[in-house]
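Inspection log for the structure reproduced underneath, given as structure tokens.
Given the structure is predicted, the values throughout are model-derived calculations rather than measurements. Below, read A as the first sequence line, B as the second, and so on, with proteins coming before strands; counting in each chain starts at 1.
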Amino acid sequence: MKVNKDLQEQREFDKTDFTQADEKAYEILFKELSKEDELVINPEFAPGVIARINKKRRREQIKENFLFASAIILVIAITIAGLQFSKSILDTQQTLFSNKLVLPLLSMISMIVVFQVLDKMYIRNRKFRRLKEWRS
Amino acid sequence: MDDQSLVRNILNGNTQAFSFLIRKYEKLVFHMINKLVDNDQIIEELAQDVFMKVHEKLPGFRFESKLSTWIGTIAYRHTINHLRKNKKMVFKEIEEDMEENYFKDEYTPAQSIESKDVSHFIKEHINLLPAHYRNILYLYHIEEMSYPEIVEVTQLPVGTVKNYLFRARKLLKDQLSNFMLKEELL
């Protein structure tokens, strides 16, 4: 029984033999200690927490959309810059036939790499998580 | 609903399930914070923060301990951090020679005779104990946590946990014995 175990442990700690009065006092004490205090919790507490979670989720969604839009703008900007750079090189070095193919190709590859990195770092996991939440 | 299905439902985005979890464990969280903080408004704010953290960290919960122990740990640490940040709690070993002062200033013999009953008398004396004592008494006697679980929640060594528990009970028992003796004399 838990009371006996508690009494035994307490006896070992107190390092004294309990009198009957001690034992009675401890028994009363253990009984009282296992009674829970009354606690009034606002009934709106749980809905309040849920509202805070939804608000946080909305904020995160806005942030994700902003990052997604920024990533697309950045990719477009890099592509345009890459194309302009390759055009300027092609204008000055007419003999380099291969540049007509290589430079636009490099721009495209760098664009894809930048997009993949941004997508993996900031977007994909969260988008999938949100999609999963939405589906359920 | 058992805790595993509850967590699974929450992780699948079920808001109702999280609402259920809050209702299931709000008493534990409020009691734990209540043992360390005495301002009702701050208690509610801290409890809200605790459940926000629970929601945030739930995907990483692997059922290596009971859900109640895990939530209790978050509640305890968050409250302690709050108190540390606001410099309202000084962490030091509770000295035994200070113990006789716990009941000295705030509870006079006259008041103790006026106490309505044993239950009331004990409750008032528990409130005069240091926060760590109160908390460990609560976790052991009300939440019925084992020593390892209390160690996990409070991050105190098992020896300290036992020491605080036994010392708190001895202090209360001594006061109770005096009270009962007076009752018999009256």
Side-chain angles (χ1 to χ4, degrees), chain A residues 1-3 5-16 18-61 125-126 128-136, chain B residues 9 11-16 18-24 26-27 29-31 34-35 40 43-44 47-52 54-56 59 117-123 125-127 137-138 140-144 162-163 165-170 172-181 184:
Chain A
M1 222 172 132
K2 194 170 180 283
V3 178
K5 184 195 155 232
D6 287 343
L7 269 174
Q8 180 57 35
E9 283 186 334
Q10 194 68 45
R11 194 176 289 126
E12 284 163 17
F13 175 80
D14 291 1
K15 289 174 189 150
T16 50
F18 286 173
T19 61
Q20 262 195 329
D22 287 332
E23 213 164 296
K24 192 185 165 197
Y26 270 124
E27 278 172 11
I28 293 170
L29 181 64
F30 293 163
K31 199 176 153 195
E32 291 300 326
L33 285 174
S34 57
K35 286 181 188 167
E36 199 169 356
D37 286 345
E38 273 182 39
L39 192 74
V40 182
I41 298 172
N42 178 3
E44 290 303 305
F45 176 73
V49 176
I50 300 292
R52 261 183 80 178
I53 288 169
N54 288 337
K55 199 174 162 189
K56 193 181 160 202
R57 206 177 273 172
R58 271 198 301 274
R59 258 204 320 265
E60 277 177 0
Q61 207 171 324
N125 291 339
R126 291 180 182 188
F128 277 141
R129 202 175 60 208
R130 209 140 40 85
L131 195 68
K132 202 177 155 192
E133 281 176 11
W134 178 77
R135 272 185 188 159
S136 64
Chain B
N9 277 328
L11 293 179
N12 283 331
N14 186 341
T15 316
Q16 285 300 315
F18 192 66
S19 191
F20 184 77
L21 178 138
I22 296 173
R23 289 188 204 286
K24 191 172 177 186
E26 63 186 5
K27 261 191 175 181
V29 171
F30 270 84
H31 269 297
N34 193 34
K35 298 281 176 281
D40 286 349
I43 292 171
E44 186 159 338
Q48 280 204 2
D49 294 343
V50 167
F51 282 109
M52 294 287 289
V54 167
H55 187 263
E56 194 183 309
D117 53 27
V118 171
S119 189
H120 185 75
F121 177 87
I122 293 173
K123 273 199 181 91
H125 278 77
I126 291 172
N127 290 334
L137 281 174
Y138 169 76
Y140 187 84
H141 286 281
I142 307 276
E143 287 301 323
E144 296 187 338
K162 285 184 178 181
N163 204 19
L165 177 69
F166 299 148
R167 271 154 69 173
R169 293 198 303 210
K170 187 172 185 324
L172 290 171
K173 190 274 283 174
D174 290 344
Q175 294 296 315
L176 181 63
S177 296
N178 290 339
F179 174 76
M180 284 162 67
L181 200 68
E184 280 169 20

(message) Assess the residue pair A:Arg52 and B:Asp49 against the criterion (salt bridge (charged side-chain N to carboxylate O under 4.0 Å, His left out)); give the C-alpha distance rounded to whole Å, side-chain angles, the decisive distance to 0.1 Å, and a yes or no.
(response) CA-CA 10 Å; A:Arg52 261 183 80 178; B:Asp49 294 343; 3.2 Å; yes
(message) Please classify the contact between B:Phe20 and chain A as side chain, backbone, both or neither, with a heavy-atom cut-off of under 4.5 Å.
(response) neither
(message) Please classify the contact of B:Lys27 with chain A as side chain, backbone, both or neither, using a heavy-atom distance under 4.5 Å.
(response) both
(message) Within this structure, what is the NZ-OH distance for the pair B:Lys35 and B:Tyr138, rounded to the nearest 0.5 Å?
(response) 6.5 Å
(request) Mind ranking A:Val49, A:Ile28, A:Asp6 by heavy-atom pairs under 4.5 Å with chain B and telling me who comes out on top? (result) A:Asp6
(request) May I ask you to name which of B:Arg169, B:His55, B:Lys170 has the most heavy-atom pairs under 4.5 Å with chain A? (result) B:Arg169
Name the region of [X], side chain, backbone, both or neither, that has any atom closer than 4.5 Å to a heavy atom of chain B.
X: A:Leu29; answer: both
X: A:Leu39; answer: side chain
X: A:Lys31; answer: neither
X: A:Glu36; answer: both

(request) Search all heavy atoms of A:Lys2 against all heavy atoms of B:Tyr140 and return the closest pair with its distance. (result) NZ-CE2, 3.4 Å
(request) Name all residues meeting the side chain to side chain donor-acceptor pair (under 3.5 Å) criterion together with A:Glu38; count only those two or more places apart in sequence or in a different chain, and write none if there are none. (result) none
(message) Assess whether a salt bridge exists between A:Glu27 and A:Lys24, defined as any Lys/Arg side-chain N lying under 4.0 Å from an Asp/Glu carboxylate O.
(response) no
(message) Taking the basic N atoms (NZ, or NE/NH1/NH2) and the acidic carboxylate oxygens, is any pair closer than 4.0 Å for A:Glu23 and A:Arg11?
(response) yes
